[in-house]
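All figures in this text were calculated on a predicted structure; none of them were measured in a lab. Basis for what follows: all heavy atoms, side chains included, without hydrogens, waters or symmetry-related copies.
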Amino acid sequence: MDEQEIRDRILRAKGLKDIISLVDEMGIEDMGNQYRSMSVSQWYAYVNLGRYSKYNIFEIPKKTGGTRLISSPKSPSYLQALKYINKILLCFYKAPSCTNGFVPGKSIVSNALPHRGKKYVLNVDIQDFFSSISDELIVETLIEEYNFTFKIAKIITSFCCLNRYAEKIGLIGSCLPQGAPTSPTISNIVCLNLDRDLETLAKKNGLIYSRYADDITFSSNKHFWNKGFIKKLFKSIKGHHFTINLKKVRYQKKDIERQEVTGLVLSGEKVNVPRSYVREIRNLLYIWEKYGINAAQKSQQLFSVTHARRNTHADISNVIDGKLNYLKMVKGDNDAVYVKLKARYERLINPQLTKSHAPFFEKVKTIMNFIFVHS
């Protein structure tokens with residue numbers, strides 16, 4: 001089923017049964033006999049039930065302190081249906097060039113690249129991003145942007161949102177859950193007008209603008225942090241029902257302080273990971289090589305607890321592999337630092353391979369040392 005057919009089916013839909021029929025056809029086409037359809041009564045229940053019936057709610061620590069509320073769909077069939085709803089929404093949403101978060105083919109790297117070499121870089125963070133996006137705002141946007149009928153927009157929104165409750169008050173509204181597969185796409189859809197307004201603001205001031213989820217970045221070779229710009233920026237963000245996290249506003253000047261965008265360091269015409277990130281990988285590999293995998297595992301657990309990481313008991317091999325994949329994404333698979341660290345990791349997880357290919361690894365080491373010395 002192609003995108004055009006999916007769009008046509010949604011725009012012709014009259015109610016819940018039409019949405020169920022479309023999702024079921026997509027599921028059967030995608031998964032065959034493995035697809036398990038939700039009944040009409042289940043769909044109706046998930047459209048109308050509150051958060052405690054739809055999600056597992058838990059908190060994870062933030063790197064900067066405090067906690068983040070995560071809402072994970074309880075039912076596998078509900079999670080599956082959400083994934084197909086997300087595919088439907090992606091048939092409508094086309095990301096503008098300034099948007100990099102939750103967009104296929106884009107990443108924090110593509111978000112940081114446009115700001116390389118700029119003298120001034122401004123980072124702004126939206127506070128409580130997902131929970132700031134109400135069901136009313138989603139319904140309004142789906143109608144205005146894609147001509148959804150009110151009924152279909154309301155069904156999809158209710159299916160994808162969770163209810164919020166306050167003590168002694170009860171239900172106070174509904175918003176996007178952080179943890180549902182539909183939330184990233186819906187957040188981008190709701191931010192379409194915000195992106196347009198901030199891109200217009202950037203062009204009027206000769207700036208470059210990009211957004212990755214709740215991280216907003218402006219940059220320029222001229223100073224632009226003044227009362228006029230600040231007033232327009234704050235007014236625009238507030239006008240789209242968001243609030244700026246004042247603790248995370250950073251105006252960074254080149255050659256005076258380290259410039260960062262979405263956790264990546266701007267270094268000349270390149271983007272890079274912080275040195276501490278590479279140092280952490282090296283330390284874990286060294287401990288594993290010197291004292292064994294158990295010592296490396298304990299070291300990783302201690303580091304995670306100290307720095308408020310979530311997976312304090314994650315397998316050390318998976319942790320290092322994930323860090324190396326992230327390093328490769330940022331620096332490239334031909335980068336000398338990545339290649340050397342990856343080779344050390346491979347030797348640790350494949351000791352037999354190390355013995356039989358020792359001459360090969362020595363040759364790689366010699367070549368990398370030559371490149372490092374003559375680069």
(message) Distance check, rounded to the nearest 0.5 Å: D315 atom CG versus D321 atom CG?
(response) 10.0 Å
(message) With a 4.0 Å cut-off on N to O distance, would you call K235 and D197 a salt bridge?
(response) no
(message) Under the criterion side-chain contact (heavy atoms from CB on, under 4.5 Å), I'd like the reasoning laid out for F92 against I10: C-alpha separation, chi angles, the key distance, then a yes or no.
(response) CA-CA 10 Å; F92 288 89; I10 285 293; 3.9 Å; yes
(request) State the CE-CZ distance between M31 and R36, to the nearest 0.5 angstrom. (result) 8.0 Å
(message) Quick check against the 3.5 Å criterion: does E29 have a side-chain atom that pairs as donor or acceptor with the backbone of M1?
(response) yes
(message) Quick test of your reading of the model: are R211 and D195 salt-bridged, counting only N-O distances below 4.0 Å?
(response) yes
(request) Using the side-chain hydrogen bond (donor to acceptor under 3.5 Å, both in side chains) rule, take N100 and S110 through it: C-alpha gap first, then chi angles, then the decisive distance, then the call. (result) CA-CA 7 Å; N100 295 277; S110 63; 2.9 Å; yes
(message) For the NZ atom on K232, are there more than 12 heavy atoms of other groups (residues, nucleotides or ligands in this structure) within a distance under 6.0 Å?
(response) no
(message) Is any side-chain heavy atom of L324 closer than 4.5 Å to one of L341?
(response) yes
(request) Spell out, as yes or no, whether a donor-acceptor pair under 3.5 Å connects the side chain of T149 to the backbone of I152. (result) yes
(message) Using modelled atom types and a 3.5 Å cut-off, is there a donor and acceptor pairing between side-chain atoms of D30 and backbone atoms of M26?
(response) no
(request) Step by step, work out the side-chain hydrogen bond (donor to acceptor under 3.5 Å, both in side chains) result for N272 and S267. (result) CA-CA 7 Å; N272 209 339; S267 178; 5.9 Å; no
(request) Verify side-chain contact (heavy atoms from CB on, under 4.5 Å) between I126 and N245, making sure each step is shown before the conclusion. (result) CA-CA 6 Å; I126 296 175; N245 186 343; over 6 Å; no
(request) May I ask you to decide if A296's main-chain N or O and S299's side chain share a donor-acceptor pair within less than 3.5 Å? (result) no
(request) Could you tell me whether the side chain of Q127 reaches within less than 4.5 Å of the side chain of K248, counting heavy atoms only? (result) no
(request) Apply side-chain hydrogen bond (donor to acceptor under 3.5 Å, both in side chains) to Y84 and D24, showing your working. (result) CA-CA 9 Å; Y84 288 111; D24 284 348; over 6 Å; no
(request) Supply the atom-to-atom distance N188 CG to L90 CG, rounded to the nearest 0.5 angstrom. (result) 9.0 Å
(message) Centroid separation under 6.0 Å, is that true for the rings of Y120 and F218?
(response) no
(request) Output the distance between atom CE (M329) and atom CG (L264), rounded to the nearest 0.5 Å. (result) 6.5 Å
(request) Would you check if the side chain of Q259 reaches a backbone N or O of Q252 as a donor-acceptor pair within less than 3.5 Å? (result) yes
(message) Under 6.0 Å between ring centres: does that hold for Y78 and F159?
(response) yes
(message) Please evaluate residues Y209 and S219 with respect to the criterion side-chain hydrogen bond (donor to acceptor under 3.5 Å, both in side chains), reporting the C-alpha separation (whole Å), side-chain torsions for both, the decisive distance (0.1 Å), and the verdict.
(response) CA-CA 7 Å; Y209 162 71; S219 66; over 6 Å; no
(message) For the aromatic rings, using the six-membered ring if either is Trp, is the centroid distance between Y251 and H223 under 6.0 Å?
(response) yes
(message) Once rounded to the nearest 0.5 Å, what's the spacing between atom OG of S210 and atom CG of L113?
(response) 10.0 Å
(request) Kindly indicate, with the supporting measurements, whether the criterion side-chain contact (heavy atoms from CB on, under 4.5 Å) is fulfilled by Y277 and I281. (result) CA-CA 7 Å; Y277 188 87; I281 300 175; 3.8 Å; yes
(request) Determine, step by step, whether I60 and F58 satisfy the side-chain contact (heavy atoms from CB on, under 4.5 Å) criterion, reporting the C-alpha distance in whole Å, the side-chain angles of both residues, the deciding distance to 0.1 Å, and the verdict. (result) CA-CA 7 Å; I60 62 171; F58 56 93; 3.9 Å; yes
(request) For K222 and N205, work out which heavy atoms get closest and say how close. (result) CE-O, 3.1 Å
(request) Measure across M38 and Y46 and return the closest heavy-atom pair with its distance rounded to 0.1 Å. (result) CE-CD1, 3.1 Å
(request) Say whether, by atom type as modelled, one donor and one acceptor occur between the side chain of D125 and the main chain of V249 under 3.5 angstrom. (result) no
(message) Let me confirm one number: the CG-OG1 distance from L137 to T141, rounded to the nearest 0.5 Å.
(response) 4.5 Å
